[in-house]
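Below: one structure, written as C-alpha cells.
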Protein chains: 2
Amino acid sequence: MRPKIYLFGDSITEMSFDDGGWGASLVNHFNRTVDVVLRGYSGYNTRWALKVLEKVFPATEESPLAATVFFGANDACVADRCSAFQHVPIDEYKQNLHSIVSFLKGRWPTTQIILISPPPIDEPTRLIYPFTENKSGLPERTNEAAGNYAKANLAVAAECGVLAVDLWTKMQQIPGWQTACLSDGLHLSKIGNKIVFEEVLEALKKKGLSLETLPVDLPVIEEMDPNDPLKSFEGI
Amino acid sequence: MRPKIYLFGDSITEMSFDDGGWGASLVNHFNRTVDVVLRGYSGYNTRWALKVLEKVFPATEESPLAATVFFGANDACVADRCSAFQHVPIDEYKQNLHSIVSFLKGRWPTTQIILISPPPIDEPTRLIYPFTENKSGLPERTNEAAGNYAKANLAVAAECGVLAVDLWTKMQQIPGWQTACLSDGLHLSKIGNKIVFEEVLEALKKKGLSLETLPVDLPVIEEMDPNDPLKSFEGI
C-alpha cells in the first residue's frame, strides 16, 4: 500500500487539479510513491472545516504521511461586506486551526501537518470576480486582512510545532504578484500553483519525505535486466 | 468514503498527471465525488502487469467504481527491434488482457472496467525519442502493429462485455494527429490527453457514472443558507 498525503482546504485546494494545479503536480511528482487524496471544499472556512473532520479523516484510515491544511482565505472575508457569511473572527480562526491540528495529531501522531497561509489578495481584481452580487464598490476581501490571518496561521504552526508555508509573504516577493500569482485576485495562476507545489515539497523534504527516501511502488523499468525482465517480479 | 476509480496502465497512465494530463483532468472533474487512484507503471506490458495485480488491487480495498486498463503500447513493440524486451506476442496480449479482466471481475464484480487501446504511433518521431539506443534507423514501434493490438484490445473488451476506448482509431481522426495528439510519437500531447479524458468520461456515463448521479462529498457552498450556513452541517 502506498502512503497517502491529504490535501485539506477550501477552493484553492479543490481547484488544485486544474491545469498546472499544485495538487496535480504533487501526484505527478510522487507518481510511483505516494497517493494524494484531494479533500478541498470550496468556500469553507475553519468553522465549517471543524464540522467535517470526522468525515474527511476517517479513523479507519491508516496514518497518512502528511496533510496540508490550507484555510484562511474565507475566514478573512471582511465581516460587513458581501461575503460576510464566510467570515470567522481571527481569534476563533486561530482556535479552530489549533483544534484541527489537535484532531490530526490525536488521530495520527506521526503524520506531518503543513499549515498553509492564505495567499495575498489583489483587491481591484476581486471587484471584477465577486462570489455573490457586490454593489458596494468594496472588495469582499482585503490584502491587509489576509496578511493578518496569514500571521495568525504562522503563529499557530509555531505554537503546535508543525510545518508552515507563508504563502502571503512568499507570493508578494514576486514582481507583479497580483496577476503573476493570482488568476482572479484570490485563486492561483500557474505560477501561483507552482509556488505552492514547491513550498509543499520543501516542507516535506524538511521531514525527510522525498523521492530520495520514499519507497518506489513495484519494479522500475530502468532497473530491469532487458535479458530477463521477469526476474524483477520474483518475490515482490 | 468516496468511491474510487483506478487508473492502471503503463507510462501513458503514469504520466497522466503531467500538465493537462487526463488523470489530473479526471480528478478535477470529480473533485467532490470520486478519488482517482494512479497506478501507472512506465514501460510495463501485460505480461508484467499480470505479475503485479495482487499488489495493485489489494483484496482489502472496497469495490471501486471503475478501473481503466490501458496497456498495449509496450506489448506492440516490434519483436526484433531495440525495445524487443517489452514485446508480447499478440495472442498472449489478448490472453493477458482476458486474465486482467477476469481478475478484476472476480475481485469486484460490480466495478466498471474500461479497456483503453494503445494510441497510434508516429514512426518518424519515435526515431528521435528512443527509450534505448537505436542505431538501426528503424522505429521500435510501428503504427500498423499498434493498430493490430488496438483491434485485439477491442475484441477482448467485446468478448468480456466491458467498456472499450478505441484510442488508435479516435486519434487518427484528428488532422495532423501525429503531432496534434502525440508529444513524442507515442506519449500524449495536451490534445491527446483531452481525448482520453473525454473518452473515459463518456464510457463512465454509459454506465450511469457522472456528476449528475454521483453523490457530492459534504455540503456545497452554493446550497448553504448565507443566514445560517451551519445548518448545512447538521446530521452530516
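Everything numeric in this text was worked out from a predicted model, so none of it was measured. Heavy-atom basis, side chains included; hydrogens, waters and symmetry copies ignored. So that the names make sense, note that chain A is the first sequence line, chain B the second, and so on, each numbered from 1.
- Annotation: maximal heavy-atom pairing with chain B below 4.5 Å, among A/Ser83, A/Pro219, A/Gly20, occurs at A/Pro219.
- The local environment of CD in A/Glu62 is sparse, with at most 12 non-hydrogen atoms from other residues, nucleotides or ligands closer than 6.0 Å.
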Decide yes or no on salt bridge (charged side-chain N to carboxylate O under 4.0 Å, His left out) for A/Asp19 and B/Lys190, but give the supporting numbers first. CA-CA 10 Å; A/Asp19 218 16; B/Lys190 278 206 174 188; 3.0 Å; yes

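- Here A/Asn31 contributes atom CG and B/Ser42 contributes atom OG; the two are 7.0 Å apart, rounded to the nearest 0.5 Å.
- For B/Asn28 against A/Phe17, the heavy-atom pair with the smallest separation is CB-O, 3.4 Å.
- Comparing A/Gly43, A/Ala84, A/Pro229, A/Gly23 by heavy-atom pairs within less than 4.5 Å of chain B, the highest count is held by A/Pro229.
- The residues A/Lys4 and B/Asp35 are annotated as not salt-bridged, no charged nitrogen and carboxylate oxygen being separated by less than 4.0 angstrom.
- Looking at B/Lys51, both its backbone and its side chain come within 4.5 Å of chain A, counting heavy atoms on both sides.
- The line from CD1 of B/Ile221 to CH2 of A/Trp48 is 4.5 Å long, rounded to the nearest 0.5 Å.
- Side-chain contact between B/Met1 and A/Lys55 is absent, with no heavy-atom pair separated by less than 4.5 Å.
- Under the 6.0 Å cut-off for aromatic ring centres, A/Tyr44 and B/Phe233 qualify, their centroids lying closer than that.
- With contacts defined as side-chain heavy-atom distances shorter than 4.5 Å, the pair A/Arg39/B/Arg2 qualifies.
- For a residue to count as touching a neighbouring chain, one of its non-hydrogen atoms must lie under 4.5 Å from one of that chain's; by this rule B/Glu54 does not touch chain A.
- Highest contact tally toward chain B, considering only A/Leu38, A/Leu230, A/Leu218, A/Val52, is held by A/Leu218 [criterion: heavy-atom pairs under 4.5 Å].
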Apply side-chain contact (heavy atoms from CB on, under 4.5 Å) to the pair B/Val27 and A/Val36, showing each step before the final yes or no. CA-CA 11 Å; B/Val27 179; A/Val36 175; over 6 Å; no

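- Heavy-atom distances place the side chain of B/Pro58, and not its backbone, under 4.5 Å from chain A.
- Listed here is the closest heavy atom pair of B/Arg32 and A/Gly40: CD-O, 3.3 Å.
- Proximity of A/Asp217 to B/Tyr41: side-chain heavy atoms (C-beta onward) are separated by under 4.5 Å at one or more points.
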